[in-house]
Amino acid sequence: MSYTPSEIEAKWQKQWEEEQAFEPSDSHTEPKKYILSMFPFPSGRLHMGHVRNYAIGDALARYYRKQQFNVLHPIGWDAFGMPAENAAIKHGRHPKEWTYSNIDYMRKELNTLGLSFSKTREFATCDPLYTKHEQKFIIEMFEKGLLYRESTTVNWCESCHTVLANEQVEEGCCWRCDNPVQLKEMPGYYLDIIRYADELLEDLAQLEGKWPSQVITMQRNWIGKSQGLAFDFELTEESKAKLGGKFEGYEVFTTRPDTIYGVTYSALAPEHPITKYLVEHGLLEAEVAEKIKSIANMSEVERAKQDKEGYPLGISVIHPLTGEEIPVWTANFVLASYGGGAVMAVPAHDERDFEFATKYGLPIKRVIEGGEALPYTGNGTLIDSGRFSCVGNEEAKIAITNYMEEEGKGKGTTNYKLRNWGVSRQRYWGAPIPFVHCPNCGLVPEKFENLPVALPDDVEITGEGNPLENHPTWKYCHCPKCGGEAIRETDTLDTFVQSSWYQFRYATNPKKWEEVGIDKEDADYWLGVDQYIGGIEHAILHLLYARFFTKVLRDLGYHDVDEPFERLLTQGMVLKDGAKMSKSKGNTVDPDALVAKYGADTARLFILFAAPPQKELEWNDSAVDGAFRFIKKLYDRKSKVTGNTFPDIDHSALGKESKLARVKVYEALQKSTEVYEKSFAFNTLIAACMEALNALDKQDNADVWTEGMYIMLNLLEPIIPHVATELSDTLFARENFGGKIEVKEEVFVQDSILYVVMIGGKKRTEIEVDPSATQEEILALAKEAGEKWLQGMQIVKEIVVPNKLVNLAVKPK
RNA sequence: GCGGAUGUGGUGGAAUUGGUAGACACGCCAGACUUAGGAUCUGGUGCCUAACGGUGUGGAGGUUCGAGUCCUCUCAUCCGCACCA
């Protein structure tokens, strides 16, 4: 009977469903593996990137299940977000209906791939039950001061009508729709991720070697820790008077306290309160005030593209060490969001300060020796730096910081590039932020017993404004504290909040889902995730947020886990014609069509064979044919199997070809452990199985065939589960799936060993040597075989690499 | 500019970690069978050469008996961050 994937796959998928074959055990005593592929957004259809992601995860889950581990391999839906609202705007479908019907469709698609997911732990993040617990966490974070509301300058995407977190701005544009982001002053909710910055940074060390170094580096840079000195510049009396006595001075931050004697001016961001005061009170020339306003309206990205630009503010500060008067400017390169929006400028030793000083003719004072030209940013000895002259600058950094601290003039400070996470979104399809604005009590969290604060179903989504804000009744409520009339918060949570704790939700036994968000005992047993698999695009966003949430929830007492994802594999993209598959480019391959034509096993085999998982995968239709051919061949060879169990073979009695076939089979077996547990180079394991099958084909010993198939089906089951299970079931009643198969070392013992003979570093010939031959005997054979190349030569060195080669180093006589 | 990677046949990719470069697969070439097919099977296939042989892992050096692998320099491509004081 020929290979018919549709029948075989339907049969086993049905059986797995009936047997509930992939549910983890509730027992917490067995060794466990938690294998997690990033959950999908229910966009409507599966794409090849999904297939790759889940094929990798499923292979690992099935492998460990076969090794008798208690395996958690769950799936769910990252279900809130803009696309659902866009569907509502475009096609008039309700986001909820759109989302859940997409989930139904995609679940079927996943089923046809034969993925071994737990069915009982599936959920969508838009399920009210999930929202309920998430809102509780949010309130607890508020109570700990980790969540706060503040009005500040935010990134605003006009096309999505919502605020974006810093991490969601890519090159000044919205991560989702790619429209330029504007700056806007508005209130929002923030999570104090900076409080965890140090731990997030330090714990990256634990992930070294287990996460791709690239991701670790990206996170490190994103957190951007730097140490330096913060000190106050005091305004001159005259300047204080000019500012109406509202300001005494301002704080600046520097990582180069060693250059403090080189300060020749100071610069403020256009948004700095002092700059603002001067502009608003007409203390600057009208023209200058206009220029400053126009800079303030530009995004950081726009500003970065401009030339350095600035204006003197007509005020001065006093140098804390020299007492000199320092002029104060405003400049477009000073960022409001970092270091307080004010800097000391040392043009001699900072490129930006130098460029600015040169443009505006400001003085430049060298205080560090070294280099010929200015600016000089390297190390050297201090000069013209008062009592610190003649000190090396690294030493001076510490000395000056200490001195400033002793004098009460400043303090050593740590700064981060990381900004607090803005989590409020002015959209409908998200988890409502569970707070109430009460005219008497202020911002009040909803009572736990009233959670979830659910979304209203009757909503009009037009794309204009915030649908919850515009809803006729939903926001009117009573204050949970005083009972008076109040207004419900209409912002919803960033969808990244949901994906920050879903790994704990899966781990929690579904029987407890109503009652608790995370069960501590379950969480501590299952987490961290032993292997997490997903795209590199989440290197910062999701992976940083999830790490942060893990630490916060730990500190709220929900579990004892420090890091959510023990090991991370970032899969490469699936390309066609050298470009990422996308509808707009018209270069997509539809997984459904692929499965319909070849079956799921072929799809999975090809995708794991075509490239190592970390690399980009170039789609190739005819290579898919090749994968299909291999499965057909494997299926066809079931007729070669005569026994129904692991055979006993007398290796020495076998012919040469049969011996070689066994070597190939056992090499594949050896390789499998390393591949499944360490390297994930499935392509090499599949190649080894192909070699083994080719070698088996060259011989005809029925026992060797039986043994070969017994082992190969075991190795391939995680990759091509349907056909492997079908064959294993028919041939061996699935006995060969029972556990690890032992490697028989005797197979690798050879009758004779092939040595390569190299002369002068070049391969010249080969010799067959008896395994018991001594080094002298091997050398003698090699010299005899290589005689032709040794003529007129003198051997200067003889090297024998056991079981491999002989190298005779020569020189002319 | 800073940081991280990657460079191997016509293509995707191997190489037990310093030991026969190109496994496996795709493609291509030749042949077999034939119910003529986008099926199956057999053989070949890095490059130069009629052959002997030479040469070959982006490039140039170096270490070594031996280098795709280690060291130095260099080029190219991709990705991330980007005025962070």
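Convention: sequence-line order gives letters A, B, ...; per-chain numbering from 1.
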Chemist: With a 3.5 angstrom cut-off on both distances, give the Watson-Crick or G-U wobble partner of B:G19, or none if there isn't one.
Modeler: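 When the pairing criteria are applied, B:C65 turns out to be the nucleotide that pairs with B:G19.
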Chemist: Is B:G13 syn or is it anti, if syn means the base angle is within 90 degrees of 0?
Modeler: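 Nucleotide B:G13 adopts anti.
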Chemist: Which is more 5' along RNA chain B, the nucleotide nearest A:Gln214 or the one nearest A:Tyr416? Just name the residue.
Modeler: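 Closer to the 5' end of RNA chain B: A:Gln214.
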Chemist: Could you work out, with side-chain hydrogen bond (donor to acceptor under 3.5 Å, both in side chains) as the rule, every residue matching A:Asn393, not counting sequence neighbours?
Modeler: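 Checked A:Asn393 against side-chain hydrogen bond (donor to acceptor under 3.5 Å, both in side chains); matches are A:Asp258, A:Asn379.
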Chemist: Tell me the interatomic distance from A:Lys359, atom NZ, to B:C83, atom P, rounded to whole angstroms.
Modeler: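 Result: 17 Å.
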Chemist: Donor-acceptor pairs under 3.5 Å, side chain of residues 671-694 of chain A to any protein atom, not counting sequence neighbours: which ones?
Modeler:
{"from": "A:Ser672", "atom 1": "OG", "to": "A:Leu669", "atom 2": "O", "distance (Å)": "2.7"}
{"from": "A:Tyr676", "atom 1": "OH", "to": "A:Leu715", "atom 2": "O", "distance (Å)": "2.7"}
{"from": "A:Glu677", "atom 1": "OE2", "to": "A:Tyr63", "atom 2": "OH", "distance (Å)": "2.7"}
{"from": "A:Glu677", "atom 1": "OE2", "to": "A:Lys740", "atom 2": "NZ", "distance (Å)": "3.4"}
{"from": "A:Ser679", "atom 1": "OG", "to": "A:Ala681", "atom 2": "N", "distance (Å)": "3.2"}
{"from": "A:Thr684", "atom 1": "OG1", "to": "A:Ala681", "atom 2": "O", "distance (Å)": "2.7"}
{"from": "A:Glu691", "atom 1": "OE1", "to": "A:Lys664", "atom 2": "NZ", "distance (Å)": "2.8"}
{"from": "A:Asn694", "atom 1": "OD1", "to": "A:Lys633", "atom 2": "NZ", "distance (Å)": "2.9"}
{"from": "A:Asn694", "atom 1": "ND2", "to": "A:Met690", "atom 2": "O", "distance (Å)": "3.4"}

Chemist: Is the phosphate of B:G38, meaning OP1 or OP2, less than 4.0 Å from a side-chain N or O of A:Ser622?
Modeler: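 False: A:Ser622 side-chain N/O out of range (4.0 Å or more) of B:G38 OP1/OP2.
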Chemist: If I pick the C1' atom on B:G10 and the same atom on B:G3, what distance separates them, to the nearest angstrom?
Modeler: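 To the nearest whole Å, 36 Å.
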Chemist: Between B:A5 atom C1' and A:Ile536 atom CD1, what is the distance in whole Å?
Modeler: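 So the two atoms are 10 Å apart, to the nearest Å.
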Chemist: Assign A:Ala809 to base, sugar-phosphate, or nothing according to its heavy-atom contacts below 4.0 angstrom with the strands shown.
Modeler: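 Sugar-phosphate contact only.
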Chemist: What is the distance from CG of A:Asp350 to C1' of B:A85, rounded to the nearest Å?
Modeler: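 Rounded to whole Å, this separation is 6 Å.
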Chemist: At under 4.0 Å between heavy atoms, what does A:Gly626 touch on the DNA or RNA strands: base, sugar-phosphate, or nothing?
Modeler: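 Contact class for A:Gly626: sugar-phosphate only.
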Chemist: Quick one: sort the A:Phe233 and A:His319 rings into parallel, tilted or perpendicular, breaks at 30° and 60°.
Modeler: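 A:Phe233 and A:His319: perpendicular rings.
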Chemist: Using the P atom on both, measure B:A82 against B:U74 and round to a whole Å.
Modeler: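 The same atom, P, in both gives a distance of 28 Å.
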Chemist: Go ahead and name the base partner of B:C73; Watson-Crick or wobble counts if both distances stay under 3.5 Å, otherwise write none.
Modeler: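 Here B:C73 is engaged in a pair, and the nucleotide opposite it is B:G59.
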Chemist: Rounded to whole angstroms, how far apart are CG on A:Asn221 and C1' on B:A82?
Modeler: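 Value for this atom pair: 10 Å.
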Chemist: Nearest of B:G66, B:G3, B:A85 to any side-chain atom of A:Met758?
Modeler: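 Closest nucleotide among those given: B:G66.
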Chemist: Does OP1 or OP2 of B:U64 have a side-chain N or O of A:Asn807 closer than 4.0 Å?
Modeler: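 No, A:Asn807 has no side-chain N/O under 4.0 Å of OP1/OP2 on B:U64.
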Chemist: Applying salt bridge (charged side-chain N to carboxylate O under 4.0 Å, His left out), name anything that partners A:Glu167, two or more places apart in sequence or on another chain.
Modeler: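 A:Glu167 satisfies salt bridge (charged side-chain N to carboxylate O under 4.0 Å, His left out) with no residue once adjacent residues are dropped.
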Chemist: Base, sugar-phosphate, or nothing for A:Arg419, non-hydrogen atoms under 4.0 angstrom?
Modeler: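 No contact.
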Chemist: Provide the Watson-Crick or G-U wobble partner of B:A36, both distances under 3.5 Å; none if there is no partner.
Modeler: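 In the structure as shown, B:A36 has no Watson-Crick or wobble partner.
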Chemist: Calculate the interatomic distance between A:Arg220 atom CZ and B:G80 atom C1'; express it in whole Å.
Modeler: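 After rounding, the reported distance stands at 15 Å.
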Chemist: Quick one: look up who B:A25 pairs with, Watson-Crick or G-U, both distances under 3.5 Å, and put none if it's unpaired.
Modeler: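 Base-paired to B:U11.
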Chemist: Return the set of residues passing side-chain hydrogen bond (donor to acceptor under 3.5 Å, both in side chains) with A:Arg220 (not counting sequence neighbours), or none when no residue passes.
Modeler: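 Counting only residues at least two positions away or on another chain, A:Arg220 forms a side-chain hydrogen bond (donor to acceptor under 3.5 Å, both in side chains) with A:Glu208.
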Chemist: Quantified in whole Å, what is the C1' atom distance between nucleotide B:U40 and nucleotide B:C33?
Modeler: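 Taking atom C1' in both B:U40 and B:C33, they lie 8 Å apart.
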Chemist: Distances under 3.5 Å only, N/O to N/O: pair up the protein atoms with those of nucleotides 40-49 of chain B.
Modeler:
none

Chemist: Tell me: CD of A:Glu170 to P of B:G80, nearest whole Å?
Modeler: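 Atom-to-atom, A:Glu170 to B:G80, this comes out as 8 Å.
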Chemist: Taking the same atom, P, in B:G18 and in B:U11, what whole-Å distance lies between them?
Modeler: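 Their P atoms lie roughly 29 Å apart.
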Chemist: Under 4.0 Å between a Lys/Arg side-chain N and an Asp/Glu carboxylate O for A:Glu355 and A:Lys308?
Modeler: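 So A:Glu355 pairs with A:Lys308 through a salt bridge.
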Chemist: Distance between the P atoms of B:U8 and B:U77, in whole angstroms?
Modeler: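 To the nearest whole Å, 14 Å.
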Chemist: Taking only N and O in the side chain of A:Lys763, is any of them less than 4.0 Å away from OP1 or OP2 of B:U20?
Modeler: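 No, A:Lys763 has no side-chain N/O under 4.0 Å of OP1/OP2 on B:U20.
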Chemist: What is the nucleic acid contact for A:Lys788, judged by heavy atoms within less than 4.0 Å: base, sugar-phosphate only, or nothing?
Modeler: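 Sugar-phosphate: the residue A:Lys788, judged by heavy atoms under 4.0 Å, touches backbone atoms but no base.
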Chemist: Quick one: side chain to side chain contact (heavy atoms under 4.5 Å, CB included) partners of A:Gln794, sequence neighbours excluded?
Modeler: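 Per chain and number, A:Gln794 pairs via side chain to side chain contact (heavy atoms under 4.5 Å, CB included) with A:Lys811, A:Lys813.
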Chemist: When the distance from CE of A:Met712 to P of B:C24 is rounded to whole Å, what number comes out?
Modeler: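 Computing the A:Met712:CE to B:C24:P distance gives 15 Å.
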Chemist: Could you check how far CD1 of A:Ile759 sits from P of B:G53, rounded to whole Å?
Modeler: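 Going from CD1 in A:Ile759 over to P in B:G53 covers 12 Å.
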Chemist: For a quick check of understanding: with a heavy-atom distance under 4.0 Å over all strands, which category does A:Gln306 fall into, base, sugar-phosphate or nothing?
Modeler: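 Base, at least one base atom sits under 4.0 Å.
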Chemist: Categorize A:Asp353 for me: base, sugar-phosphate, or nothing, with a 4.0 angstrom heavy-atom threshold over every strand shown.
Modeler: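 No contact.
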Chemist: Assess whether a salt bridge exists between A:Lys225 and A:Asp198, defined as any Lys/Arg side-chain N lying under 4.0 Å from an Asp/Glu carboxylate O.
Modeler: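 Between A:Asp198 and A:Lys225 there is a salt bridge, with a charged N closer than 4.0 Å to a carboxylate O.
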Chemist: Taking atom P in both B:U69 and B:A15, what distance in whole Å separates the two?
Modeler: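 One P to the other, the span is 15 Å.
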Chemist: Could you tell me which residues satisfy side-chain hydrogen bond (donor to acceptor under 3.5 Å, both in side chains) with A:Glu798, sequence neighbours excluded, listed by chain and number?
Modeler: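 Applying side-chain hydrogen bond (donor to acceptor under 3.5 Å, both in side chains) to A:Glu798 gives A:Lys783.
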Chemist: Restricting to side-chain hydrogen bond (donor to acceptor under 3.5 Å, both in side chains), what partner residues turn up for A:Arg52, sequence neighbours left out?
Modeler: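 Checked A:Arg52 against side-chain hydrogen bond (donor to acceptor under 3.5 Å, both in side chains); zero matches.
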Chemist: Name the nucleic acid region contacted by A:Val334, choosing base, sugar-phosphate or nothing; use a 4.0 angstrom heavy-atom cut-off, strictly under.
Modeler: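 The answer is base, as A:Val334 lies within the cut-off (heavy atoms under 4.0 Å) of a base atom.
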Chemist: For B:U17, decide between syn and anti, treating a glycosidic angle within 90° of 0 as syn.
Modeler: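 Here the answer is syn: the torsion falls within 90° of 0.
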Chemist: Does A:Glu746, at its CD atom, have more than 12 non-hydrogen atoms belonging to other residues, nucleotides or ligands within less than 6.0 Å?
Modeler: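 Check passes, neighbour count above 12.
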Chemist: I want to verify a distance call: between B:C65, B:G38, B:C83, whose nearest atom is closest to the A:Lys597 side chain?
Modeler: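 That would be B:G38.
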Chemist: Measure all distances between protein nitrogen or oxygen atoms and nitrogen or oxygen atoms of nucleotides 13-18 of chain B, and list the pairs falling under 3.5 Å.
Modeler:
{"from": "B:G13", "atom 1": "OP1", "to": "A:Glu616", "atom 2": "O", "distance (Å)": "3.4"}
{"from": "B:G13", "atom 1": "O3'", "to": "A:Asn683", "atom 2": "ND2", "distance (Å)": "3.2"}
{"from": "B:A14", "atom 1": "OP1", "to": "A:Asn683", "atom 2": "ND2", "distance (Å)": "3.2"}

Chemist: Could you pick out which residue, A:Val756 or A:Ala342, lies toward the 5' side of RNA chain B when each is mapped onto its nearest nucleotide?
Modeler: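 Result of the comparison: A:Val756.
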Chemist: So what does A:Ser337 touch, heavy atoms closer than 4.0 Å: a base, only the sugar-phosphate, or nothing?
Modeler: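 Answer is nothing: A:Ser337 stays at 4.0 Å or more from every strand.
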Chemist: Verify the neighbour count for atom NZ of A:Lys359: are there more than 12 heavy atoms of other residues, nucleotides or ligands below 6.0 Å?
Modeler: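 Correct, the count exceeds 12.
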Chemist: Using purine N1 to pyrimidine N3 plus N6-O4 or O6-N4 for Watson-Crick, or N1-O2 and O6-N3 for G-U wobble, both under 3.5 Å, which nucleotide pairs with B:G31?
Modeler: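 Checking every strand shown, B:G31 finds its partner in B:C41, with both distances under 3.5 Å.
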Chemist: Regarding B:C83, can its base be found pairing with the side chain of A:Lys308 as donor and acceptor, where the two atoms are less than 3.5 Å apart?
Modeler: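 Yes, a donor-acceptor pair under 3.5 Å.
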Chemist: Both distances below 3.5 Å, Watson-Crick or wobble geometry, any strand: find the nucleotide opposite B:A82.
Modeler: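 Paired with no nucleotide.
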Chemist: Report yes if a side-chain nitrogen or oxygen of A:Arg764 is closer than 4.0 Å to either non-bridging phosphate oxygen (OP1 or OP2) of B:G54; otherwise report no.
Modeler: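 Looking at the OP1 and OP2 atoms of B:G54, one of them is under 4.0 Å from a side-chain N or O of A:Arg764.
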Chemist: Do A:Lys580 and A:Glu537 sit within salt-bridge range, that is, some charged N less than 4.0 Å from a carboxylate O?
Modeler: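 No, A:Lys580 and A:Glu537 are not salt-bridged.
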